[in-house]
Amino acid sequence: MDPNQKLRDVIVYNELGGILGYENISNNEVDLAAYSRTRPGWPGTAPDFIAWPESVEQVAEVLRFANTKNIPIIPYCGGEGGAGMTWPLFGGIILDIKRLNKVLEINERNCTVVTQTGIMSQELEWELNAKGLTTAHLPQSQYISGVGGFLAARSTGALSTKYGKFPDMVLGMQVALPNGRIMRTRAVPRMAAGPDLNQLFCGSEGTLGVITEATLVVRPQPEVIRSWAVMMPNLHAGIEAVRKMLRLGLRPCVARLSDEIETDKLWKQERKGAQLILAFDGFAEMVDLELRKALEIVQAEGGEDLGSEVGEAWWTRRYTGVYPNEKPGYFNDRARGLAYGGVIDTAGDFDYLEAIHNKMKESVSRIDGTIFMAHFSHWYPTGGMMYPYIYNRNIPEDPTQIPELFYKLQRAAIQAVLKLGGTINHHHGIGFMLGQYMKGEYGWDGMDVLQSIKSALDPNNIMNPGKLGLEWRES
Ligand SMILES: Cc1cc2nc3c(=O)[nH]c(=O)nc-3n(C[C@H](O)[C@H](O)[C@H](O)COP(=O)(O)OP(=O)(O)OC[C@H]3O[C@@H](n4cnc5c(N)ncnc54)[C@H](O)[C@@H]3O)c2cc1C
């Protein structure tokens, strides 16, 4: 190793130790390996240091120091964000905020919780449930992701069709800025005091600062939640049924519609068609009424009632598909012929939703060995989200060629989305793997606005460099 680099490492180590205490930093091989990121066939990325701050003041102090020395900082919560969000592309310091995990105040009258952002979602949920409350944000990554990651990656939970995305649930936040200053927004229901700074940091993927505290909306746990499954004759009829429900003001908390291939391959249903799982929650009488009205719409669209069994089983087992993860590698799994490991969920209005499904399917199917299937599980009165699974059986013998296949599939899928006016991502974020498509999403003018904000807040580009398609340079 370059002796100057070694000396530099010693200086950084001692500075960090001075700020955080030596027990709260590490550059030992095992820890570095645990926070390193790669996939089979991809070059590895590793941080130089890991830091576990315990207060916002410590976070700010680390940022101030890193800023003066141009050291990359990668904010890190659960570390489960997609598209390589926490890959330390240029080394630097992983700032793991998991020790900022205290619930500071639960205000039952105002229906709010003030929490530090390093708390894992299920731990927050347990504290709220003890008081009969919930955030109603229940993503599948409930046990492995946290509040900071949800905000910074614009996460969406299973109940979003009724309760919204995580950024809809934030009232206020505290943020440590790259220059070491600490800012706060007022946790008020809604304001007209200029642009909404909370939303500026939502989706920022650690590129603008570190969100250290958040005030969130909470609500009483529902009296009942009831799930039901129906078989729609095809995807078109399924989308129409959900569209009509939302238009009439029905609010299923879950509406999970599988396309015909997913219905067949994943659900292994004997009946052909597109399976739709619906759930309603709230007071029992209201749930019964909503369900009855929803089933009337389903029947008018040619759907068949499958009863409660499939829906209840899905709801009860919604986490067990991923915990414990006994599956071999998600990415290079020859037995299952999986090649695409990125998440390119998209969203669009009702005019576009079915077309994007068909176009994306057609586009990726041109690549030999590809199987495409999708489900639609987050809805709005104006449209919905599609979550595609893109498999390819032709995994190259030479693993170094895997990224090429990955990007080929990704390009084919995303170009179809962009042509039809959809978004390049609905709730898994951009990281570095989707960065090249941000220009397609925003155009050059929009990207210039984003870049100007980044440059103003983080002129030395220390915050998670290489992400969100923003300009970067090696420090
Ligand atoms: C099995 C599985 C299931 C999943 N299911 C869902 C799902 O149902 N819904 C969903 O939305 N997502 C899902 N995800 C993706 C993931 O959970 C989300 O992207 C989540 O928002 C990331 O949270 P995290 O705590 O893991 O964040 P990280 O991966 O630690 O961070 C995500 C990004 O936010 C930045 N960041 C983290 N904390 C802060 C902070 N305090 N301040 C500023 N920036 C910060 C990081 O630098 C990074 O860019 C799933 C992932 C897996 C592996």
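Ring centroids of Y389 and F372 are separated by 6.0 Å or more, keeping the two rings apart. For W315 and F280, the distance between ring centers is not under 6.0 angstrom.
Rounding to the nearest 0.5 Å places CD1 of I106 at 9.0 Å from OG1 of T115. The distance from the CD atom of Q275 to the CG atom of L235 is 13.0 Å, given to the nearest 0.5 Å. For the atom pair M373 CE and H375 NE2, the distance stands at 11.5 Å (nearest 0.5 Å). Residue F376 holds its CZ atom at 14.0 Å from OH of Y387, rounded to the nearest 0.5 Å. To the nearest 0.5 Å, the span separating OG1 on T112 from CG on N107 amounts to 4.0 Å. Note: D368 CG to N394 CG = 5.5 Å, rounded to the nearest 0.5 Å.
Remark: the K361 side chain and the N358 side chain contain no N/O donor-acceptor pair separated by less than 3.5 Å. At a cut-off of 3.5 Å, with distance as the only test, a side-chain donor of E441 or T423 sits close to an acceptor on the other residue. Side-chain contact, H378 with T161: no donor N or O sits under 3.5 Å from an acceptor N or O. No side-chain N or O of T263 forms a donor-acceptor pair with one of Q269 less than 3.5 Å apart. With 3.5 Å as the limit, one finds a donor-acceptor pair spanning the side chains of N198 and T185. Between the side chains of W267 and S258, at least one donor-acceptor pair of N or O atoms lies under 3.5 Å. No donor-acceptor contact under 3.5 angstrom links the side chains of Q451 and E471, judged on distance only. A donor atom on one side chain and an acceptor atom on the other are found under 3.5 Å apart for T370 and N392.
Closest approach of I73 and P465 over heavy atoms only: O-CD, 4.5 Å. Nearest heavy-atom pair, I430 versus E205, reported as atom, atom and distance to 0.1 Å: N-OE2, 2.7 Å. Scanning all heavy atoms of the two residues, the minimum distance from L409 to V364 falls at O-CG1, 3.8 Å. Nearest heavy-atom pair, P43 versus W87, reported as atom, atom and distance to 0.1 Å: O-CZ3, 4.2 Å.
With a 4.5 Å cut-off on side-chain heavy atoms, L306 and R271 count as touching. Counting heavy atoms from C-beta outward, F350 and E240 have side chains that stay 4.5 Å or more apart. Taking 4.5 Å as the limit, every side-chain heavy atom of Y437 sits out of range of all side-chain heavy atoms of N425.
Looking at D349, its side chain does come within 3.5 Å of a backbone N or O of Y352 through a donor-acceptor pair.
Comment: E362 engages R366 in a salt bridge, judged by a side-chain N to carboxylate O separation of less than 4.0 angstrom. The pair R184-E213 meets the salt-bridge criterion, with a side-chain N (NZ, NE, NH1 or NH2) lying under 4.0 Å from an Asp/Glu carboxylate O. Ion pairing of K244 with E301 is present here, as a side-chain N (NZ or NE/NH1/NH2) and a carboxylate O approach within less than 4.0 Å. Classification of R226 and D288 as a salt-bridged pair holds, one side-chain N sitting under 4.0 Å from a carboxylate O.
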Give every donor-acceptor pair under 3.5 Å between a side-chain atom in residues 164-171 and any protein atom, sequence neighbours left out.
from	atom 1	to	atom 2	distance (Å)
K165	NZ	R154	O	3.2
K165	NZ	T156	OG1	2.9
K165	NZ	H426	O	2.6
D168	OD2	K165	N	2.7

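More than 12 heavy atoms of other shown residues, nucleotides or ligands fall within 6.0 angstrom of atom NZ in K162. By the neighbour-count criterion of 12 heavy atoms within 6.0 Å, atom CD of E304 is densely surrounded, having more than that number from other residues, nucleotides or ligands. Shown here is Y380, whose OH atom has more than 12 heavy atoms of other residues, nucleotides or ligands within 6.0 Å. More than 12 non-hydrogen atoms from other residues, nucleotides or ligands lie less than 6.0 angstrom from CE of M191. Within a 6.0 Å radius of CZ in R219, other residues, nucleotides and ligands contribute more than 12 heavy atoms.
Test V417, I390, I424 against I344 for side-chain contact (heavy atoms from CB on, under 4.5 Å) and you get one pass: I390.
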Can E290 and K293 be said to form a salt bridge (charged side-chain N to carboxylate O under 4.0 Å, His left out), step by step? CA-CA 5 Å; E290 283 198 287; K293 289 281 171 206; over 6 Å; no
Assess the residue pair Q174 and T212 against the criterion (side chain to side chain donor-acceptor pair (under 3.5 Å)); give the C-alpha distance rounded to whole Å, side-chain angles, the decisive distance to 0.1 Å, and a yes or no. CA-CA 6 Å; Q174 179 191 61; T212 46; 2.8 Å; yes
Take K272 and E260, measure what salt bridge (charged side-chain N to carboxylate O under 4.0 Å, His left out) needs, and give me the verdict at the end. CA-CA 7 Å; K272 296 287 166 220; E260 292 89 341; over 6 Å; no
So D281 and Y163, side chain to side chain donor-acceptor pair (under 3.5 Å) or not? Walk me through it. CA-CA 11 Å; D281 70 354; Y163 298 107; 2.8 Å; yes
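Annotation: ring-ring contact (aromatic ring centres under 6.0 Å, His included) contacts of F283 (sequence neighbours excluded): none.
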